[in-house]
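Written out below as structure tokens is the structure these notes cover.
Naming: A, B, ... by sequence-line order, numbering from 1 per chain. Quick note: numbers below take in every heavy atom, side chains included, and nothing from hydrogens, waters or symmetry partners.
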Amino acid sequence: MPDAITQEYLTLRDRYIESCFANLNPVQRQAVFTTEGPLLILAGAGSGKTTVLVNRIANIIRFGKAHGSAVLSRPVTRADIDHLKATMESRRAPSQDQLRLLAVEPARPWNVLAITFTNKAAGELKERLKNMLGDTVGGDVNASTFHSACVRILRRDAERIGFPNSFTIYDSDDQLRVIKQIYKELMIDDKFLPPKSAISRISGFKDKLLSAADVAAEAPSDTKAALVSKIYTAYAARLRTAGAMDFDDLIFHTVRMLQKDAEAREYYQKKFRYIVVDEYQDTSVAQFHLVRLLAGGTRNVCVVGDDDQSIYKFRGATIENILNFEEVFKGARTIRLEQNYRSTSNILDAANSVIRNNNGRKGKTLWTENGTGDKVHHYTAASEQDEASHIADIIGQNLRAGARLRDHAVLYRMNAQSNPVETYFARAGIPYRIVGGQRFFDRKEVKDINSYLAVIVNPRDDVRLRRIINEPARKIGPTTVDKIAELAAGRGVPMLQIISEAATYPALSRSASALNSFYEMYRELCDLSVTLPLDEFAGEVIRKTGYEAMLKAQKEEGEARLENLGQLVNSVKTYADQNGEEATLSGFLEEVALIADIDSYDEENDTVTLMTIHSAKGLEFPYVFLIGMEDGVFPGDLVRYSEEDMEEERRLCYVGITRAKKELYLSSSRSRMIFGQTRRNPPSCFLSEIDPAVMDESESPELASGGFGAGYGSFGAGVPGGRSGYSGASRGYLNREYNAGFGSRYGSRSGFAATGGHESPRGPGARTLPSGGFGAGYGSSRQSAPAGAGSSTLLSTAPAAKKPAAGYAPGDLVDHKVFGRGKVIKVTPMAGDSLVEIQFDRVGVKKTLANYAPMTKFTET
DNA sequence: TTGGCTGCCTTTTTT
DNA sequence: AGGCAGCCAA
């Protein structure tokens with residue numbers, strides 16, 4: 001029986017700890033104090049999930065399991081009570097001494113493992129932990145993605161399962177190469193089983209933790225399954241000899257290693273006393289096993305997720321992980337965070353009314369104390385151009401009302417949908433940025449150079465070697481390469497070794513000199529790799545391999561690619577700078593391999609963001625446009641017949657809606673060009689699921705007036721009709737011309753920036769990334785004009801552009817659809833058009849092409 | 001061996 | 001519409 005003083009202290013201790021988390025609501029606080037045992041936090045969208053995670057980890061590190069506990073590290077005295085009271089009143093931090101008494105078995109920062117899905121989420125978590133706990137302590141918490149956590153484990157312990165600790169990571173492109181090679185050797189018909197579907201089936205096996213042997217043992221009955229099994233076996237063997245792992249392997253092999261090796265397992269179980277998993281609804285079977293193995297010691301595992309936001313089933317996520325959590329982890333507690341701090345209640349109502357149509361939910365209904373807000377807007381457009389124009393209109397309105405560009409996001413189902421919006425924004429001079437789509441590190445030229453680096457790091461890497469041996473062309477064709485591969489296989493050595501001894505093989509006599517000079521170059525590069533700083537070395541690779549010369553020989557396209565390589569060198573430099581002595585070539589490649597586009601998304605940049613709904617998960621914006629709300633687009637055609645897929649699609653819709661804080665703009669179009677064909681889609685069934693009471697409907701004037709006719713002269717300068725004439729057929733054909741050349745290929749993905757000066761080519765994201773700042777990513781912050789200038793065809797072949805060359809002169813006053821009024825400060829003639837620099841009253845200096853900018857000249861009255 | 005061309009095919013989401 | 005593979009000609 002505790003004495004009175006002890007009792008008083010304990011009560012006071014609880015009160016004190018609670019006061020440290022006073023900014024949380026009671027349910028959130030409960031989650032923070034539940035530190036021991038399995039815990040499932042069902043966190044609705046915008047319910048302060050990350051805040052809870054950060055505070056919970058802080059609590060574990062600071063106070064351990066003190067809250068609600070009766071344990072004391074030593075007998076307490078009246079003085080301790082007075083001391084604590086004083087601390088509370090002064091609102092100062094407790095002394096070290098006090099903390100020792102307050103805490104019960106606090107964890108060291110490195111005892112905590114927090115797993116997220118993206119590097120960005122991990123970085124954010126770390127950033128917030130640093131803010132709360134200080135740089136040192138916060139920085140020592142293990143916060144990483146599943147994949148990078150596994151890489152770290154395997155770099156230490158891969159040898160336990162027969163891989164070199166220095167294994168290479170194969171991305172999906174490498175994967176495809178290996179598979180194709182296997183197809184060739186086994187003479188498999190790629191019509192019968194497309195390589196991509198073989199990959200996805202293999203990937204599916206790995207997600208379910210089935211090895212090639214497991215699959216073979218199940219004696220697949222039909223021929224296709226048998227074939228897949230055969231391919232899987234060959235594929236796994238190939239990767240093993242190359243000392244390589246693909247993305248799925250990282251998880252798969254980690255789990256296998258931990259299952260097999262008690263020593264390693266216990267090491268990690270001891271090390272990670274507390275495990276937190278974010279986005280648990282998106283975990284696969286393999287990832288579930290990983291979590292269970294790691295948490296096997298203490299069972300202190302906390303998973304956070306929202307079954308309504310599970311949108312990665314196609315990639316192996318199994319929603320059962322979250323639905324069965326309480327069964328698998330016996331004695332688990334469940335806490336529901338249902339108060340939403342993000343959106344207006346109208347937006348939440350819309351989200352709730354959509355998701356309500358799903359079965360098999362854990363069930364939860366979000367509510368908010370935020371105001372009702374405006375209704376959810378739905379606009380019916382005539383075409384995708386009209387849709388884009390409407391978005392631009394609204395953004396313009398919002399800007400004039402004081403919003404920033406970066407407050408806006410345009411979300412869509414598939415990447416292809418970004419095109420019309422991009423085109424329109426580019427023309428209108430709205431700075432935008434695309435997240436996703438073709439990733440910077442997926443570009444051919446970047447991957448080629450990275451492959452050179454990879455072969456230098458790992459001479460056994462035949463896949464990468466094949467990629468670069470004749471790129472640029474060196475007279476080493478596929479026949480020669482196949483011969484080399486054959487010889488290498490026969491001797492059980494890497495291809496590179498055969499190449500080094502090319503002269504000794506009669507079969508290679510004809511290409512011996514080409515092979516010799518290739519090998520010589522390789523040797524030289526290897527030597528340089530140890531003497532030169534990393535970034536200089538990368539530059540040297542681009543030069544010495546002849547890659548630079550090859551690109552220079554091409555014209556515009558080569559130039560853009562060369563620029564990308566310049567950025568590659570930049571990111572090598574960034575990496576080198578950030579890692580100092582630790583920096584290695586293989587370290588760089590590893591970071592590159594695990595980076596995703598969303599990781600380099602930087603909300604500081606003042607641009608509109610365009611991305612898929614998938615990419616937008618976890619983000620929020622005051623103004624969200626959800627475009628393409630049509631049956632056949634969203635939900636897509638492919639999912640209409642499967643109820644399960646339909647539900648996933650609906651969850652995706654729910655995710656999209658709940659990204660919006662203030663305003664949600666839904667739009668559908670009567671007709672849309674899709675896969676090269678114009679289609680007329682009915683409005684999305686999701687639209688009809690939204691309570692009409694919270695919807696505000698409008699439609700394009702083009703539809704009301706029967707379409708064409710009005711304002712045929714478009715928005716060109718000096719053309720009467722001005723703003724109202726701005727919709728209509730003109731836009732249609734303009735757009736087509738525009739598509740012909742502008743911004744279609746390399747380098748222009750990021751749209752263009754204001755010339756305010758703050759937008760430097762350092763690339764977005766460098767700041768938020770803990771590990772590398774590969775922000776250089778998707779396209780430099782280029783300006784539209786240079787991008788467009790290259791495509792003179794755009795203007796010269798356009799059907800007479802149907803309007804006068806816009807005659808602007810410095811000093812002219814203009815009215816721009818989006819940016820409002822401004823004054824022309826500079827005009828540069830360019831490819832039949834003019835680049836106009838305008839000082840706007842509200843938004844500063846912007847550049848835009850005269851013929852395509854939605855603006856009119858006016859004179860002061 | 002190379003490079004250019006045609007004609008095919010594919011269209012979701014990504015660590 | 002666009003990318004890619006495979007074919008063919010040099």
A/Ile322 backbone acceptor or donor facing A/Gln281 side chain under 3.5 Å: no

Atom pairs, N/O to N/O, protein against nucleotides 5-9 of chain C, distance under 3.5 Å?
unit_1	atom_1	unit_2	atom_2	d
C/dA5	OP1	A/Lys180	NZ	3.1

Nearest-angstrom distance from the residue atom NZ of A/Lys206 to P of B/dT14: 21 Å

Review item, nucleotides 1-4 of chain B N/O atoms under 3.5 Å of protein N/O:
unit_1	atom_1	unit_2	atom_2	d
B/dT1	OP1	A/Gly477	N	3.2
B/dT1	OP1	A/Thr480	OG1	2.8
B/dT1	OP2	A/Thr479	OG1	2.7
B/dT2	OP1	A/Lys475	N	2.8
B/dT2	OP2	A/Asn470	ND2	2.9

Nearest-Å distance for atom pair CZ/P, residues A/Arg152 and B/dT15: 18 Å

With A/Asp482 via side chain to side chain donor-acceptor pair (under 3.5 Å) - residues at least two apart: none

Ring geometry between A/Phe634 and A/Phe686 (parallel below 30°, tilted from 30 to 60°, perpendicular above 60°): perpendicular

N/O (side chain, A/Ser615) to phosphate O (OP1/OP2, B/dT13) under 4.0 Å: no

Separation of B/dT13 P from A/Lys196 NZ (nearest whole Å): 11 Å

Test item: A/Arg155 side-chain N/O and A/Phe167 main-chain N/O as donor-acceptor pair under 3.5 Å: yes

Presence of A/Thr612 side-chain N/O under 4.0 Å of B/dT14 phosphate oxygens OP1/OP2: yes

Evaluation steps, salt bridge (charged side-chain N to carboxylate O under 4.0 Å, His left out), between A/Lys483 and A/Glu486: CA-CA 5 Å; A/Lys483 268 185 211 146; A/Glu486 213 174 289; over 6 Å; no

Contact nearer the 5' end of DNA chain B, comparing A/Gln287 with A/Pro194: A/Pro194

Among B/dT15, B/dT13, B/dT14, the nucleotide that comes nearest once only the side chain of A/Met414 is considered: B/dT13

Touch class at under 4.0 angstrom, heavy-atom based, for A/Phe146 against every strand present: nothing

From CG (A/Leu113) to OG (A/Ser144), nearest 0.5 Å: 6.0 Å

Interatomic distance, A/Ile199 CD1 vs B/dT15 P [rounded to whole Å]: 17 Å

Distance, rounded to the nearest Å, where A/Met611 contributes CE and B/dT13 contributes C1': 14 Å

Salt bridge present between A/Arg315 and A/Asp207 (N-O < 4.0 angstrom): no

Residue of the set A/Arg672, A/Arg680, A/Arg679 for which salt bridge (Lys or Arg N to Asp or Glu O under 4.0 Å) holds with A/Glu630: A/Arg672

Atom-pair distance (CD on A/Gln175; C1' on B/dT15), nearest Å: 12 Å

Ring-base stacking, A/Phe314 with B/dT13 (5.5 Å, 30° cut-offs): yes

Distance in angstrom units between A/Asn415 CG and B/dT11 P, rounded: 13 Å

A/Lys49 vs A/Glu279, salt bridge (charged side-chain N to carboxylate O under 4.0 Å, His left out): CA-CA, chis, key distance, verdict: CA-CA 10 Å; A/Lys49 170 188 75 166; A/Glu279 308 281 12; 3.5 Å; yes

Protein-nucleotide distance (A/Lys444, atom NZ; C/dG2, atom C1'), rounded to Å: 18 Å

